[in-house]
Amino acid sequence: MERVFGDPLGDWRRSCYCGEPRVSSVGEELILAGWAQGRRDHGGLIFVDLRDRSGIIQIVFNPEVSPAAHDKAKQIRSEDVLAVRGLLARRPPETINSQIATGEVELLAREVKLLNASQVPPFPIEDEAEASENTRLKYRYLDLRRPRSLSPLVLRYRMCKKIRDYLDGLGFIEIETPVLTKSTPEGARDYLVPSRIYPGRFYALPQSPQLFKQILMVGGLDRYFQIVRCFRDEDLRADRQPEFTQLDVEMSFVQPEDVFQVVEVMIGLLFKELKGIDLQRPFPRLSWEQAISRYGSDKPDLRFGLELRDFSSTFQGSQVRVFSEALAKGGVVKGIAVPGGSAFSRKELTDEFPGFVGRYGAKGLAWIKLTPEWQSPIAKFLTEQERSDILQISGARSGDIIFLLADEARVVHEALSNLRLHLGERLGLIPQEAYSLVWIVDFPLLEHDPEGRRYVSVHHPFTAPRDQDLNLLSQEPLKVRSKAYDLVLNGVEIGGGSIRIHQVSLQKQVLGLLGFSPEEAEERFGFFLEALSFGAPPHGGIAFGVDRLAMILSGARSIREVIAFPKSQRAVCLLTDAPSAVDPKQLKELGIKTILGE
RNA sequence: GGGGUCGUAGUUCAGUUGGUUAGAACGCCGGCCUGUCACGCCGGAGGUCGCGAGUUCGAGUCUCGUCGGCCCCGCCA
């Protein structure tokens, strides 16, 4: 049986939000509106909690106050929409509810309007109630009625507002760049948008407004920013959505220090005003080389120790063949000492941890328990010298365990950095209320494509080499370091940027190193190269992951919590069911035919 | 593309070694109740065990496939 309520709102105007009335307003007649959160029907008295985004207040329907309102209130069910006119009264002392902000007062209903009926909600609209993410996202509008679900979005809004105010104060100008734009090669897969006017041609949605913001610098904007949606058609993770938001910043006539200054004050402001935390400035800096060497990662979480140690020199020519052989092939032997780790079980050591590092391509994981007589699969191969080196390099003590991994450096670092995080989490070594910020600087400009035999940009093709490395560019390009920098917060890369190339000749040289023929460069980036040739100023900037920053500031475990309508891991919008099939007429108009089977 | 994990009432979950009619709590429906706020009391309805095959006398339970949520690898300049 469908319930339909049709009371018109009429000329009623809300007095305030439901969560606002206090004792100071007792005696006033108020009109409140919101959603019914449950009904406690005592036959005589009926209590309804009326809720809006500000909180809840108790409405009392008393037949002695208004028989009509009391009669109507019998129909009220969860999530019905009501407006109530009544007298704000102080609650009898013994009925005060200290759990809610309005707990000392209640509204004695004189008249109620049943504005709209609700179906029975699929899950209770209460913070405490757990519902699966599946259900929450399908009925996101119900989920959002819960403070716990709304508050990360509110925090995100406040964050963006503060960013805008701050940058505005520094003379930055927010400029919108196109969403329908040109596909550029490299980087992530593009989302394509077919052109109706030019059948067979496509726009691409921007992976970032990189070239536009540089062109704005050529246009003399001097200080630009934008909070902008970006799109990358790649698989999803807890911290990756196909559409995400960047805070994009670009400045002219600057060095990295100028960017750091603007950013550090901004991040400091956000922590101060949103979390009440005073961050130490300047933020520490680690060279890329140091970060990789000590943590195995270019986005190290510095909230805890377990640093990587290098045992390569110890095991040159060692009897431990997996080590010496890896070294002979140019690899490394590195490890982590875990305090108290000799308590790990055999199952953990033979299944769990080796399986874990296996995900990153490691073929095994050696371990040494520092019990009185060392317990280890490799113990019998170790010389006295090796034992003493291991103790000295690892700094480990009795009761600790040392994990050792030998392979090519890339695999060792990848596996150990993740093992480090895994152990840190598992052993509770990560202080949950701590925030560690670090700049990673001096990235290499180029690296070898893991598959092909070509160079690829570590940052992006428009990143400037360091001035003192320019002469290496033609001879030893892999040794060239760049003017790129990342900002890492608790092991999450929240921002990255660089000083850009502003001279067309250098830009062409770098594109050449990346394997673009002059013709390809012209076809793909001609418009940009031409812009550089008309007096581009030295410039640089940075882009932040707004979702990730909001996620960390709100303590969320996934960026879906700070996005109103996120996609599922299979890139589906569970609310609308997008993506979906389209009318064949639409395809025809676009000159598109699908080639999928029936 | 690959690995892991979960999928049972509206919701959150339990369900033994494969064995009678698949349970609980909350929610929902009806009745009673004037101080509740997780209201209470009495009664009731509600299930394609994600879907499809297979094994078996017999499948929620075992096998295979498939779909979906989540986590991860690959991917993400």
Side-chain angles (χ1 to χ4, degrees), chain A residues 1 37-50 56-65 70 77-79 89 91-100 102-103 106 108 119-126 128-139 142 184-190 207-208 210-211 230-242 244 355-362 414-415 418 421-422 443 445-447 449-451 455-463 482 484 493 496 498 510-511 514-515 543 545 557-558 560 567-570 572 574 577:
Chain A
M1 175 190 59
Q37 180 165 307
R39 179 183 98 266
R40 296 180 294 280
D41 187 342
H42 289 239
L45 287 178
I46 296 174
F47 300 96
V48 171
D49 290 332
L50 195 66
I56 62 173
I57 186 168
Q58 175 163 277
I59 312 292
V60 185
F61 294 95
N62 187 329
E64 290 163 14
V65 173
H70 176 263
R77 297 292 181 274
S78 288
E79 300 312 310
R91 288 199 192 191
E94 68 278 11
T95 67
I96 286 173
N97 183 348
S98 57
Q99 311 274 36
I100 59 175
T102 58
E106 58 193 6
L108 308 181
Q119 289 190 58
V120 175
F123 54 88
I125 313 301
E126 291 163 9
E128 301 73 34
E130 289 303 321
S132 74
E133 194 162 345
N134 207 351
T135 314
R136 288 178 51 205
L137 292 182
K138 181 172 176 189
Y139 300 98
L142 299 178
T184 50
E186 291 211 70
R189 208 174 284 116
D190 283 321
Q207 297 184 24
S208 99
Q210 182 61 33
L211 294 180
C230 301
F231 305 86
R232 295 180 187 173
D233 187 4
E234 298 293 348
D235 286 346
L236 292 80
R237 291 286 188 282
D239 62 352
R240 265 166 41 190
Q241 285 270 306
F244 61 99
F356 182 84
V357 296
R359 286 195 276 189
Y360 306 96
E414 176 89 359
N418 283 293
L421 291 173
H422 182 66
F443 282 82
L445 183 70
L446 303 167
E447 64 186 351
D449 184 320
E451 295 144 26
Y455 298 120
V456 293
S457 296
V458 168
H459 192 58
H460 61 50
F462 316 105
T463 299
S482 73
E493 182 201 321
S498 62
V510 169
L511 289 175
L514 294 172
R557 281 204 305 276
S558 133
R560 292 187 299 277
K567 306 277 187 291
S568 79
Q569 180 140 57
R570 300 284 308 278
V572 167
L574 295 174
D577 254 341

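The structure displayed is predicted, hence computed values, not measured ones. Here is the naming used below: chain letters follow the sequence lines, and residue numbers restart at 1 for every chain.
Side-chain to base pairing of A/E106 with B/G35: one donor and one acceptor N or O lie within less than 3.5 Å of each other. No N or O donor and acceptor, one from the side chain of A/D49 and one from the base of B/C37, sit under 3.5 Å apart. Under 3.5 Å, the side chain of A/D235 and the base of B/G74 form at least one donor-acceptor pair of N or O atoms.
Shown here, B/U16 forms no base pair; nothing in the strands shown gives a Watson-Crick or G-U wobble contact with both key distances under 3.5 Å. Across all strands shown, the partner of B/C41 is B/G31, judged by Watson-Crick or G-U wobble contacts whose two distances both fall under 3.5 Å. Checking B/A22 for Watson-Crick or G-U wobble geometry (two distances, each under 3.5 Å) identifies no partner in any strand. Using Watson-Crick or G-U wobble geometry with both donor-acceptor distances under 3.5 Å, B/G68 finds its partner in B/C6.
The phosphate of B/G68 (OP1 or OP2) has a side-chain N or O of A/R570 nearer than 4.0 angstrom. For B/C73, the OP1/OP2 oxygens have no side-chain nitrogen or oxygen of A/R359 closer than 4.0 Å. Considering only side-chain N and O atoms, A/R77 lies nowhere under 4.0 angstrom from the phosphate OP1 or OP2 of B/G10. Contact annotation: A/T463 does not reach the phosphate of B/A77 (side-chain N/O to OP1 or OP2, under 4.0 Å). Contact annotation: A/R557 does not reach the phosphate of B/C71 (side-chain N/O to OP1 or OP2, under 4.0 Å). Note on A/Q207: every side-chain N or O is 4.0 Å or more away from OP1 and OP2 of B/C76. Within the 4.0 Å cut-off from OP1 or OP2 of B/G69, at least one side-chain nitrogen or oxygen of A/S568 is found.
A stacked arrangement is not assigned to A/F123 and the six-membered base ring of B/U11, the conditions of a centre distance below 5.5 Å and an interplanar angle below 30° not being jointly met. Both thresholds, 5.5 Å between centres and 30° between ring planes, are met by A/H42 relative to the base of B/C39, so the two rings are stacked.
A/R240 contributes a side-chain N or O that, together with a main-chain N or O of A/D235, makes up a donor-acceptor pair within less than 3.5 Å. Remark: the backbone N or O of A/Q58 is not paired with any side-chain donor or acceptor of A/E106 at under 3.5 angstrom. A/R136 places no side-chain N or O within 3.5 Å of a backbone atom of A/A131 that could act as its donor or acceptor partner.
Ring orientation note: the planes of A/Y139 and A/F123 are nearly perpendicular, at an angle over 60° on the 30°/60° scale.
Of the inter-residue distances, the one linking A/S568 atom OG with A/K138 atom NZ reads 13.5 Å to the nearest 0.5 angstrom.
Protein atom CG of A/N62 is 14 Å distant from nucleotide atom C1' of B/C33, rounded to whole Å. Nucleotide B/C6 holds its P atom 18 Å from the CD atom of A/E133, rounded to whole Å.
The gap from the P atom of B/G27 to that of B/G74 amounts to 46 Å, rounded to the nearest Å. To the nearest whole angstrom, the two C1' atoms, one in B/C67 and one in B/G30, are 39 Å apart. Going from the C1' atom of B/G58 to that of B/G65 covers 23 Å, rounded to whole Å.
The nucleotide whose nearest atom lies closest to any side-chain atom of A/T95 is, among B/U36, B/C28, B/A77, B/U36. For A/R91, taking side-chain heavy atoms from C-beta onward, the closest of the listed nucleotides B/C75, B/C71, B/C37 is B/C37. In the set B/G69, B/C72, B/C39, B/G69 carries the atom at the smallest distance from any side-chain atom of A/L574.
Residue A/P121 is the one, among A/P121 and A/P63, whose nearest nucleotide of RNA chain B lies closer to the 5' end (criterion: closest heavy atom). Between A/E414 and A/H460, the residue anchored closer to the 5' end of RNA chain B is A/E414, taking for each the nucleotide with the nearest heavy atom.
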